[in-house]
Amino acid sequence: MTDSSPGTSSGRTVALRLDRPPRVASLGVGVHGTAGLADVFRLPDLWQLHLYAYDGELAVDGEEFTIRPGRVSVVPPGALVRYRYRGRSEHLYVHMELPGAGEPCRVPLMQDAGPLLPVLCDLLRHAVAAGPDQSGRAAADVWAVLWRVAGLPAAPGAGGGPHPAVAAAVAHVESHLAGPLTVPDVARAAGISHNHLTRLFRAETGDTVVAYIRRRRMERARHLLRESTLTIPAIAAAVGVADLQAFNKACRRELGASPRAVRAGVRPGD
């Protein structure tokens, strides 16, 4: 059995193409292990994303993986999947189609979400709440989850991972983009001083905390403008810039165009 010890990921990887948003076929909160302790199934045309809150075992085409709370798996279409439970088992899931074109990202089939777990849970629960009535918004949230899963840091000891405090700071920022964010607040969430966070963040990212917050707000705004049907005021509020005039200025400064132009697909300089 492939047992990724805490903080590590499995050796098997899958190729995700994320240039365009997924088409979500179904999503929700799955509850298993109440009527039986095993499930076997195959989805011929759909990818499967699961975020786990229990201990169990997963076999994909005969290769076994250990499920633990906080782990996330991405299973390709056509794989034979076998789950073994140890009692009532709950997870968030998405079944979806992914675009067939674009540069592939290699992602571990099973890995730990680490400090980004609250962010992934929040995005997936928002996607579930949006449901079929707001399919564009649900797809946007799932797409955001996939990009974050593709960018999960290497485990401690595996090389290349960020400082834990920086990872915690980034996770806090990502899950609070809709509200007020200050550097002291982010530092408290990361468990270190304001000055220490400032030094670590600059050393690891080449950016200030304030600049990172501003950039991520505008990246999320661009994503929502292009991939959702939310109104511009709703998008502004969703990225923590409730004043529309300030949001318009921020879009022009960071994205090179007004919110309406970004939504229409106009590129800077056009």
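The structure presented is a predicted model; accordingly, all values stated were derived computationally and were not measured.
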Can [Y] be reached from [X] by stepping across I, L, V, M, F, W or Y side chains whose heavy atoms are under 4.5 Å apart?
{"X": "Val14", "Y": "Val94", "result": "yes"}
{"X": "Tyr54", "Y": "Leu117", "result": "yes"}
{"X": "Tyr85", "Y": "Val40", "result": "no"}
{"X": "Leu123", "Y": "Tyr93", "result": "no"}
{"X": "Val31", "Y": "Leu51", "result": "no"}

Is it true that a side-chain atom of [X] and a backbone atom of [Y] form a donor plus acceptor pair closer than 3.5 Å?
{"X": "His172", "Y": "Ala168", "value": "no"}
{"X": "Asp61", "Y": "Leu80", "value": "yes"}
{"X": "Arg12", "Y": "Leu109", "value": "no"}
{"X": "Arg88", "Y": "Thr34", "value": "no"}
{"X": "Trp47", "Y": "Val74", "value": "no"}
{"X": "Gln111", "Y": "Val149", "value": "yes"}

Any idea which heavy atoms bring [X] and [Y] closest together, and the distance?
{"X": "Leu27", "Y": "Val128", "result": "CD1-N, 3.7 Å"}
{"X": "Pro22", "Y": "Val142", "result": "CG-CG1, 3.9 Å"}
{"X": "Leu230", "Y": "Arg263", "result": "O-NH2, 2.7 Å"}
{"X": "Leu152", "Y": "Ala113", "result": "CD2-O, 3.5 Å"}
{"X": "Pro99", "Y": "Pro21", "result": "CD-O, 4.0 Å"}
{"X": "Pro233", "Y": "Leu244", "result": "CA-CD2, 3.7 Å"}

CG/Leu225 to OG1/Thr231 distance, rounded to the nearest 0.5 angstrom?
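With rounding to 0.5 Å, CG (Leu225) is 10.0 Å from OG1 (Thr231).
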
Please round to the nearest 0.5 Å and tell me the distance separating atom CD of Glu64 and atom CZ of Arg84.
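CZ of Arg84 is found 4.5 Å from CD of Glu64.
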
For His223, is the NE2 atom crowded, meaning more than 12 foreign heavy atoms sit under 6.0 Å from it?
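Atom NE2 in His223 is crowded, with more than 12 foreign heavy atoms closer than 6.0 Å.
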
More than 12 heavy atoms of other groups within 6.0 Å of Arg17 CZ
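Atom CZ in Arg17 is packed in, count exceeds 12.
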
Using a strict 4.0 Å threshold on nitrogen-to-oxygen distance, state whether Glu174 and Arg220 make a salt bridge.
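Between Arg220 and Glu174 there is a salt bridge, with a charged N closer than 4.0 Å to a carboxylate O.
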
salt_bridge(Glu57, Arg82) N-O dist < 4.0 Å
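Salt bridge: no.
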
If you define the side chain from C-beta out and look only at heavy atoms, does anything of [X] sit under 4.5 Å from [Y]?
{"X": "Glu219", "Y": "Trp147", "value": "no"}
{"X": "Lys249", "Y": "Gln245", "value": "yes"}
{"X": "Phe247", "Y": "Pro259", "value": "yes"}

For Thr66 and Met110: C-alpha separation, side-chain torsions, deciding distance, then whether side chain to side chain contact (heavy atoms under 4.5 Å, CB included) applies.
CA-CA 9 Å; Thr66 298; Met110 178 80 77; over 6 Å; no

Could you check Leu146 against Leu98 for side chain to side chain contact (heavy atoms under 4.5 Å, CB included), going step by step and ending with a plain yes or no?
CA-CA 10 Å; Leu146 290 169; Leu98 292 179; 3.8 Å; yes

Tyr52 and His91 aromatic ring geometry - parallel, tilted or perpendicular at 30°/60° bounds
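Answer is perpendicular, since the angle exceeds 60°.
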
Can you classify the ring geometry of Phe201 versus Tyr212 as parallel (below 30°), tilted (30 to 60°) or perpendicular (above 60°)?
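Plane angle over 60°, so perpendicular.
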
